[in-house]
Each structure stands twice: as C-alpha cells, then as structure tokens.
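These notes concern the structure reproduced below.
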Amino acid sequence: MCGIIGFTGYIDAKEVLLNGLAELEYRGYDSAGVAVFTDKGVETFKNVGKVAALRNEIPAGVESSCGIGHTRWATHGGVTKTNAHPHTCGKVTLIHNGIIENYHELAAELKNGGRIPQSQTDTEVAAMLLDSLYTGDAYEAISEAVKRLTGAYAFCIMFEDQKDVIYCIRKGSPLVACMAEEGAVIASDMVALLKYSKEYFVLPEFNIAKLTKNSIMVTDLYGNTVTPTMLSVNWDMSAAQKNGFKHYMLKEIHEQPESVKLTVRPRIKRENGAVLPDFSEDKVPDELFLNAGKIVITACGTAMHAGLVGRVLIEKMIRVPVSVEIASEFRYADPIVDEKSLVIVVSQSGETADTLAALRLAKEKGAKTLAIVNVKGSSIAREADYCMYTHAGPEIAVASTKAYTAQLAVFYLIACRFALATGKFDKEQATEFMNELEAVPEKIEKILEERGVIKELSKRLTPARDLFFIGRGLDYALSCEGSIKLKEITYIHSEAYAAGELKHGTLSLITGGTPVIALGTQKAVFPKLISNVKEVRARGAMVILVTNGANTDDMEKGICDEHLVIPACKDEFAPFLAAIYLQLIAYYTSSYRGLDVDQPRNLAKSVTVE
Ligand code: F6R
C-alpha cells in the first residue's frame with residue numbers, strides 16, 4: 001500500500017524515481033509525486049492518477065541526482081493533488097507508507113508552533129513534527145519523532161540544508177535498499193531496485209538509513225552502527241516485466257507451471273525409488289507437526305483461500321483439527337491458541353499488516369509459527385519461527401494468481417510430510433502423492449493451451465451483474481478464490497457458496513440467465529453437486545460446470561450450458577487445475593469489460609494498513 005523510493009547518486013534522479021514508481025505502481029495508483037534536490041533547493045511535483053500523469057507534470061530541464069518518489073493508495077484524505085506525497089513542512093520533505101494513528105493529537109499540538117497542515121493527510125503531520133524537532137541534527141530529530149509517532153510507517157526524508165542526502169526509517173511498513181554503481185537506492189519493494197542490483201538488504205525496524213551518493217549507513221536509534229544481512233534474488237528484470245503479454249496478470253497466470261515447479265523441486269528427496277517431501281533446507285523439523293495438537297491457518301484474501309484448501313487437505317489426510325481464520329478477525333478475537341498450537345500464516349508480500357499482527361499475537365501466546373511467504377526477507381518471513389518460501393517470483397498484478405498456486409503447493413508438501421511423520425502415509429503412499437504433485441505443472445500447461453476456449457466462453461459472462469460459484473469440499477474452498485478473483489477485476493458481484501447451502505437462502509437470487517460456475521471435481525460428492533446444478537438450472541441459471549477428466553466420462557449430457565474438464569488427476573489435486581480456469585475466466589471477462597486488469601479500482605497490492 002503506497003510505493004516509495006529514494007535515490008541519490010550519479011545519474012538522473014528523476015528518471016530513477018519515475019521508473020521505480022512505475023514498478024511500484026501496483027502498491028497504489030491514486031496519485032504520484034516526486035521531490036528532488038535542484039539548484040533551486042527542493043522542488044516537488046505531484047499529480048493525481050498514475051505515474052504517467054506525473055511524468056507530464058515535471059518540466060523539461062529539471063536536473064537532479066537525488067530525490068524521493070511516492071505512489072499513493074489513499075487512506076487519510078481524498079485523491080487530490082494536495083494530498084499527494086511528498087509533503088513539506090519548513091526544512092523537511094518526506095514520503096510515507098503506512099498510517100500515523102495519533103496524527104490528530106500531534107496536529108493539535110503542532111498548531112501552537114504555527115504549523116498548519118495544508119492537506120488532510122496523516123503524513124503531512126509527520127513532516128510538521130520532524131520540522132519542529134529539527135535543529136540541524138537529522139538523527140536527533142528522527143529519534144525524537146519515533147518516540148512520538150504511533151502507527152506504521154516507512155519514511156524517506158530530505159532536509160533542505162543537507163543536499164543530496166536521504167534519511168529513512170521504518171516501523172511495520174517495508175523498506176529495502178541497495179548500493180549500486182549508479183548510487184544508493186531504497187524502496188518499498190525489491191522490484192524497484194532490480195535494475196541496479198540483485199543484492200539488497202531489508203532496513204531493520206527502528207534503524208535509520210542515511211543514503212549518500214557513495215554509501216548507505218545504517219545505525220540504531222542510539223547511534224550504533226548496524227550491519228544488515230544481505231539478501232539476493234535470483235530473478236532479473238524480465239521477471240518483473242510483461243514480456244510480450246498484454247497484462248501482468250496474464251503473464252503471471254502463464255508462469256504457474258514454472259512457479260509450482262520451483263516451489264516443489266527443492267523440497268523433494270529421491271531415495272531408492274521413493275519420492276519424498278524433504279524440508280531440511282527450510283529447517284522445518286517434523287516435531288513441528290508432531291507436536292501440533294491443533295493448527296490455525298491465518299491470512300487475508302487469496303492467501304487465506306489457499307489456507308482453506310490446506311485445511312481440507314490436512315484434516316482429511318492427518319485427522320488433526322485445523323481452523324482457518326481471517327487475520328483481521330483473529331488478531332482481535334482473543335484466539336484460543338497456546339504452546340500446543342501450530343499457527344501457519346500465509347502471505348505473498350510478507351507485509352500484510354493484519355497477517356503480521358496475527359503472527360505476532362500467535363507468538364505472544366506461545367504458539368509455534370510457520371510462515372508461507374513469497375517475498376524474501378519480508379517482515380512475516382523474518383518474524384515467524386519457521387518459514388517456507390514460495391518461489392513464485394515477483395507478482396505485480398494486484399490479483400494474485402501464481403502466488404496462490406505456489407501457496408497451494410506448499411500446503412500439499414506440508415500435508416504429505418505431516419502424513420509421513422505421523423505414519424498416516426508410508427513411503428509408497430507419499431511417493432504416489434508426490435508424483436501427482438510433480439505432474440501438476442504439465443497439467444497446468446495443458447489448460448493454458450486451451451485459453452482460447454475460455455476467452456470465448458468469457459464473452460457470455462461479460463454482461464453479468466451477479467455470478468455465483470458453488471462447490472463442495474475442496475471445490476468450495478476453490479470457489480472462494482474463484483469468486484474473489486472475478487469480483488476484484490471484473491466488478492461483477494459474485495459470491496461463493498457451499499453448494500448444499502444455496503437453498504437455505506441464496507437460491508432466491510438465481511433468476512433467468514444468472515451465471516453459476518459449478519465446481520464438480522470431487523468424485524465423492526459429485527452426484528450431490530449435480531443435484532445442486534439441476535436446482536439452479538431449474539431456476540434458469542446459466543451453468544458453467546468444471547469437472548475432473550478422471551471422473552466424468554459418462555456424465556449425463558445437457559446438464560450444463562458450458563462444460564470445462566480439467567486433465568485427469570487425483571481429486572485432491574483438482575484445485576491447482578480448476579484454479580487456472582477460474583483465473584482465466586476472471587481475466588478475459590475483465591478484458592472484455594474494458595477494465596484495468598492489473599490495477600483494479602480502489603485496490604492495491606501489499607496491504608500494509610489495517
Ligand atoms: C486477491 C489478493 C489479495 C491478497 C491479500 C493478502 O487477488 O491478491 O486478496 O491475497 O491482500 O496479501 P498477501 O498475500 O500479500 O498477504
């Protein structure tokens with residue numbers, strides 16, 4: 001939520017900032033702005049809308065080698081130029097990602113010193129506070145400000161009288177930095193640094209980074225030098241580009257065979273013909289599962305939906321109770337977790353504020369914690385007791401696709417390792433399971449080859465106002481994901497229902513032509529699902545039925561309006577494959593509706609506010 005970048009070095013800062021903001025735009029796109037040191041002092045340029053609109057705002061001839069840039073997802077104050085960052089007060093110009101919770105009180109105090117905010121933002125109050133504390137020593141002002149601020153923040157700050165220097169500090173919100181030949185760069189996400197370096201570090205919370213042309217100096221609040229741990233990524237610029245695809249989302253959908261493979265492969269051990277899950281590189285011991293009297297999975301949105309699949313799988317295979325909790329509810333619900341609980345947190349970004357808070361609460365209560373995270377070195381990855389990375393690479397489209405299937409892959413690995421550890425599976429059963437898992441990428445390829453069919457079919461959904469997803473068991477878990485994907489990028493109202501629940505109220509919403517996507521990949525409940533399909537069709541619904549090639553050869557003809565068949569697989573593995581159909585349906589329907597697929601209205605990736 002909000003993307004920030006700072007640069008000081010030997011090349012045109014304006015270009016570094018604008019290019020970086022374009023990479024970070026997925027984090028918010030309500031407005032954008034930059035502030036740069038020029039011969040005239042600090043000059044600020046802002047505009048509402050996307051980064052392209054900001055580019056037009058900067059006059060030719062602005063020369064600078066140091067500056068800060070921001071792309072905003074509005075929280076406090078509407079989408080206006082005045083509310084766009086950077087914000088300036090006196091000698092201080094800054095950009096901010098996060099929320100200052102006590103900004104009202106601070107603003108009231110600062111009023112006495114004659115500082116009156118021009119905008120409606122919490123951020124400007126932080127600039128006012130810093131200006132009131134600054135007497136020439138940036139460290140002193142920042143350390144003092146930190147004592148007064150509550151909430152979450154990542155700041156990049158320029159002081160008018162310290163040309164070409166940027167100071168940064170964070171609490172909660174992310175900041176990663178690198179030193180490159182071109183200069184020093186700091187940003188919310190590694191994707192903005194990739195052009196300059198693959199080596200980077202996460203700025204530790206409550207540490208101050210001072211960026212000059214030749215160095216990044218990190219110190220704690222007492223002035224002690226800190227040497228942050230260096231991290232590296234093994235992907236290059238092309239991983240964060242569209243590479244010929246019209247949208248990031250379509251590209252990321254197509255990357256799933258690879259991302260599932262990359263996530264599974266390092267966790268496989270082959271011995272004497274057996275193929276077994278192996279977590280030695282992740283350093284996740286079997287005891288973690290063996291000692292888990294209860295498992296709680298907590299996350300938000302799509303990551304939580306991956307947890308719903310994980311729950312069905314683990315409960316079925318291991319017979320240990322699993323609950324899935326929305327992180328924003330979990331954190332305020334005084335949840336029943338203790339030393340005997342294993343809490344699994346799932347997050348693509350590793351920075352989602354509610355998920356991070358849920359993790360911290362679980363730790364406080366003594367639970368063991370395991371994170372499934374995509375972004376290396378992110379807060380959730382660092383703070384959990386154990387971390388299993390998904391290797392999906394950078395996910396730029398706001399709608400999550402490849403991160404979801406990579407999260408599923410980790411849950412399948414966990415379920416299998418857990419089953420082995422508890423003796424529910426012998427090596428032969430585990431091998432069979434792992435062989436199926438290893439076959440998933442190839443089956444995803446097969447579905448992707450059929451995207452033309454989905455493209456055609458999506459035309460029928462384009463005019464819809466409401467749409468329902470129904471399924472049972474794993475299919476219900478996947479329905480939840482299908483529904484969020486569709487509604488977030490097509491703006492069609494959609495709901496996911498456990499198929500058997502429909503007639504307890506929701507059936508009244510089914511009228512002539514209402515599209516219903518029925519997931520029927522599970523043999524054990526297939527006849528029941530078909531009864532539900534008949535019920536909605538009897539009320540005029542237009543039914544798209546998704547079935548498993550392994551189960552539905554002799555399916556009754558004419559039972560649905562459109563029929564999609566996933567490549568034959570064991571029922572447990574169907575969510576991986578049916579998910580691809582649902583993602584493509586959402587993608588093409590959004591495209592036909594002429595919408596911004598990658599950056600849907602009101603949303604942003606990486607939700608670092610509550
Ligand atoms: C939906 C989507 C969101 C995220 C949610 C959690 O397509 O992307 O629902 O899944 O905001 O984000 P992470 O996984 O970064 O914690």
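When a ligand or atom number is given, it counts from 1 through the structure's own listing order. We number each residue from 1, following the sequence as shown.
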* Dump the intermediate steps for side chain to side chain contact (heavy atoms under 4.5 Å, CB included) on V543 and E562, then the final yes or no. => CA-CA 6 Å; V543 175; E562 302 276 358; over 6 Å; no
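From the protein, the heavy atom lying nearest to atom 2 (C) of ligand 1 is T302 OG1, 3.7 Å. Shortest contact from atom 6 (C) of ligand 1 to any protein heavy atom: C300 O, 3.4 Å.
Distances below 4.0 Å separate heavy atoms of S349 from the following atoms of ligand 1: 13 (P), 15 (O), 16 (O). Atoms of ligand 1 found under 4.0 Å from any heavy atom of A303 (numbered from 1 in listed order, with element): 10 (O), 14 (O). For ligand 1 and Q348, the ligand atoms under 4.0 Å from any heavy atom of the residue are 13 (P), 14 (O), 15 (O), 16 (O). The ligand atoms of ligand 1 that sit less than 4.0 angstrom from a heavy atom of A399 are 7 (O).
Ring centroids of H305 and Y404 are separated by 6.0 Å or more, keeping the two rings apart.
Donor-acceptor pairing under 3.5 Å is lacking for the side chains of N83 and T121. In summary, the side chains of E481 and T302 do present a donor paired with an acceptor at a separation below 3.5 Å, with no hydrogens or angles considered.
Counting heavy atoms under 4.0 Å from ligand 1, residue V398 touches it through the backbone alone. For K485, every heavy-atom contact with ligand 1 shorter than 4.0 Å involves the side chain, none the backbone.
Remark: A358 engages T298, A327, F330 in a side-chain contact (heavy atoms from CB on, under 4.5 Å) (not counting sequence neighbours).
Of the charged side-chain nitrogens involved, at least one lies within less than 4.0 Å of a carboxylate oxygen, so that K50 and D596 count as a salt-bridged pair.
Geometrically, R601 engages Y491 in a cation-pi contact defined by less than 6.0 Å to the ring centre and at most 45° from the axis.
Between E488 and ligand 1, at least one N/O pair is under 3.5 Å apart.
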